[in-house]
Protein chains: 2
Amino acid sequence: MPRGNGLGPPWWHGRFRGCGYKITLGREAILNALIKADQHLSAEDIYQKVHTTYPAIGLTTVYRTLEILVNMGLVFKFDFGDGRARYELVEGSKKSHHHHHLVCTNCKRVIDYTDFVDDEIGLLKKTEKGLSKKYSFEITNHVIQFYGLCGQCKNTK
Amino acid sequence: MPRGNGLGPPWWHGRFRGCGYKITLGREAILNALIKADQHLSAEDIYQKVHTTYPAIGLTTVYRTLEILVNMGLVFKFDFGDGRARYELVEGSKKSHHHHHLVCTNCKRVIDYTDFVDDEIGLLKKTEKGLSKKYSFEITNHVIQFYGLCGQCKNTK
DNA sequence: TTTGTAAATGGAAACCATTTTCAATAAGGA
DNA sequence: TCCTTATTGAAAATGGTTTCCATTTACAAA
């Protein structure tokens with residue numbers, strides 16, 4: 001769990017150092033943007049947010065940092081089918097529990113839902129265990145997404 | 001269920017006509033490629049396959065046809081994180097049952113698994129019903145994917 | 001069978017998110 | 001403070017996918 005208090009270095013500095021990465025203003029700003037947003041953002045979204053407080057940032061750095069964060073397991077990368085990836089903290093700072101996504105294939109709206117997630121997680125855990133053994137896979141992550149038409153798009157058709 | 005026998009028009013002609021689409025050699029060839037392959041293919045894969053028997057085909061047509069097929073619900077479109085989409089028939093012609101995917105984040109290998117899928121489907125059905133009501137979504141499709149390291153990549157690291 | 005017309009097509013060009021290149025800069029241990 | 005190496009931003013390259021547009025085709029109507 002993130003400790004956003006002002007005392008001591010942010011919770012993730014240790015993990016960063018441990019992996020041999022340096023702490024830089026850019027990385028700090030990108031992570032903060034993700035923590036504050038606490039929901040899925042595109043690379044461009046993050047670039048825009050960070051750019052207001054740290055104009056020197058480059059889009060390239062955003063992509064590079066996100067790749068690191070994904071590889072470290074701090075950030076999830078999602079594809080909702082609109083041609084750009086979305087990123088979100090694995091553990092949101094405040095409200096966010098683990099959640100899954102409901103994607104409208106028409107307007108691309110995405111709803112985070114936490115309902116039923118406990119049941120889903122339970123089943124996934126069991127499935128993961130079985131799959132790991134059978135296929136000797138080391139599973140680190142999963143995605144569940146439902147696709148369909150949201151209330152608005154249903155009526156407009 | 002597809003009826004691949006030589007008698008009468010292929011099973012999907014009716015659905016095509018019903019949607020106001022014309023039957024063309026290109027579309028026929030693309031659908032046949034998907035039926036024969038019975039596993040996920042990229043647009044380029046399909047283009048290559050079709051090109052051998054029908055050299056006039058254009059990559060553009062492959063993309064256009066795939067989009068139609070996805071919208072009609074005959075074909076699934078997947079993203080495995082390697083920058084190109086994969087397509088597969090919703091109902092494979094022979095062996096294929098409904099399956100989910102196990103994706104190696106290192107070498108991008110994809111394993112189709114059918115184990116546990118019955119349990120998964122059961123839960124998903126229930127979840128779908130609940131979500132549809134709560135968010136007034138009309139759910140048409142779902143994706144479950146596990147990510148991790150395959151046996152080979154685990155050892156190489 | 002012929003004809004009319006909108007749908008479908010292929011090739012080239014455009015698009016655009018992401019990646020790579022490279023020279024300049026900065027982090028952090030010595 | 002200095003040195004080494006990772007990091008950076010800008011610009012260019014990449015590559016899957018989409019758009020444009022002139023030509024061709026499917027197929028319903030005559």
Side-chain angles (χ1 to χ4, degrees), chain A residues 9-10 12-31 33 40-72 75 77-87 105 108, chain B residues 9-10 12-31 33 40-72 75 77-87 105 108:
Chain A
W12 49 271
H13 277 200
R15 290 200 54 184
F16 247 68
R17 290 246 167 63
C19 292
Y21 294 121
K22 294 179 178 176
I23 312 291
T24 67
L25 286 179
R27 289 172 176 176
E28 200 119 34
I30 289 166
L31 217 16
H40 47 266
L41 297 174
S42 67
E44 181 70 29
D45 290 338
I46 294 170
Y47 172 71
Q48 296 294 349
K49 279 182 190 298
V50 173
H51 193 265
T52 62
T53 62
Y54 180 46
I57 195 82
L59 185 53
T60 308
T61 297
V62 174
Y63 277 107
R64 278 190 290 229
T65 302
L66 287 171
E67 192 188 352
I68 289 175
L69 293 171
V70 169
N71 285 337
M72 288 178 63
V75 164
K77 180 179 181 178
F78 291 102
D79 166 65
F80 295 142
D82 67 346
R84 74 189 57 188
R86 304 305 160 99
Y87 302 85
T105 51
K108 311 300 181 188
Chain B
W12 50 270
H13 277 199
R15 290 198 56 183
F16 247 68
R17 289 247 167 62
C19 292
Y21 295 120
K22 295 178 177 175
I23 313 290
T24 67
L25 286 179
R27 288 172 177 176
E28 201 118 35
I30 290 167
L31 218 15
H40 47 266
L41 297 174
S42 67
E44 181 70 28
D45 289 337
I46 294 170
Y47 172 72
Q48 297 294 350
K49 279 182 190 297
V50 173
H51 194 265
T52 61
T53 62
Y54 181 45
I57 196 79
L59 185 51
T60 309
T61 297
V62 174
Y63 277 107
R64 277 188 292 229
T65 302
L66 287 172
E67 191 188 353
I68 289 174
L69 293 171
V70 169
N71 286 336
M72 287 178 63
V75 164
K77 179 179 183 179
F78 291 101
D79 166 66
F80 295 143
D82 66 346
R84 72 188 60 188
R86 304 304 161 98
Y87 302 85
T105 51
K108 311 300 181 189

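Computed from a prediction, not measured in an experiment: that's the story for all the values here. Throughout, protein chains are lettered first and strands after them, A, B, ... in sequence-line order, and every chain is numbered starting at 1.
Within 4.0 Å of B:Ile57, counting heavy atoms only, lie sugar-phosphate atoms of the nucleic acid but no base atom. At a threshold of 4.0 angstrom between heavy atoms, the contacts of A:Arg27 are confined to the sugar-phosphate backbone, with no base atom among them.
Residue B:Arg64 has its side chain nearest to C:dT9 when only C:dT20, D:dC27, C:dT9 are considered. Side-chain proximity of A:Arg84 to C:dC22, D:dC27, C:dT18: nearest is C:dT18. In the set C:dA7, C:dG11, D:dT17, the nucleotide with an atom closest to the side chain of B:Thr60 is C:dG11.
Distance NE2 (B:His51) to P (C:dT9): 15 Å, rounded to an integer number of Å. One atom, CG of B:Leu69, and another, C1' of C:dA8, lie 14 Å apart when rounded to the nearest Å. Protein atom CG of A:Asp82 is 13 Å distant from nucleotide atom P of C:dC16, rounded to whole Å. Between the P atom of C:dA26 and the CD atom of A:Glu28 lies a distance of 16 Å, rounded to the nearest Å. Atom CG of B:Asp79 is separated from atom C1' of D:dG16 by 12 Å (rounded to the nearest Å). Spacing between atom CG of B:Leu25 and atom C1' of D:dA26 amounts to 10 Å, rounded to whole angstrom units. Taking atom OH of B:Tyr47 as the reference point, atom C1' of D:dT17 lies 15 Å away to the nearest angstrom. Summarising the geometry, the separation between CD on B:Glu67 and P on D:dG16 is reported as 18 Å, rounded to the nearest angstrom.
Within the structure, a side-chain polar atom (N or O) of A:Thr24 is placed less than 4.0 Å from OP1 or OP2 of D:dT8. When the side-chain nitrogen and oxygen atoms of B:Tyr63 are compared with OP1 and OP2 of D:dT17, one or more of them lie within a distance under 4.0 Å.
In terms of position along DNA chain D, the nucleotide closest to A:Thr65 lies nearer the 5' end than the nucleotide closest to the other residue of the pair A:Thr65 and B:Ile23. In terms of position on DNA chain D, the residue among A:Ile68 and B:Tyr87 whose nearest nucleotide sits closer to the 5' end is A:Ile68. Two residues, A:Arg17 and A:Leu59, neighbour DNA chain C, and the one matched to the more 5' nucleotide by heavy-atom proximity is A:Leu59.
What you find for B:Lys77 and B:Ala85 is that their closest heavy atoms are CE-CB, 3.7 Å.
Between the side chain of B:Thr65 and the backbone N or O of B:Val62 there is no donor-acceptor pair closer than 3.5 Å. Remark: the backbone N or O of A:Met72 is paired with a side-chain donor or acceptor of A:Arg15 at under 3.5 angstrom.
Side chains of A:Arg27 and A:His13 form no contact here, defined as non-hydrogen atoms less than 4.5 Å apart. Looking only at side-chain heavy atoms (C-beta outward), B:Trp12 and B:Glu28 come within less than 4.5 Å of each other.
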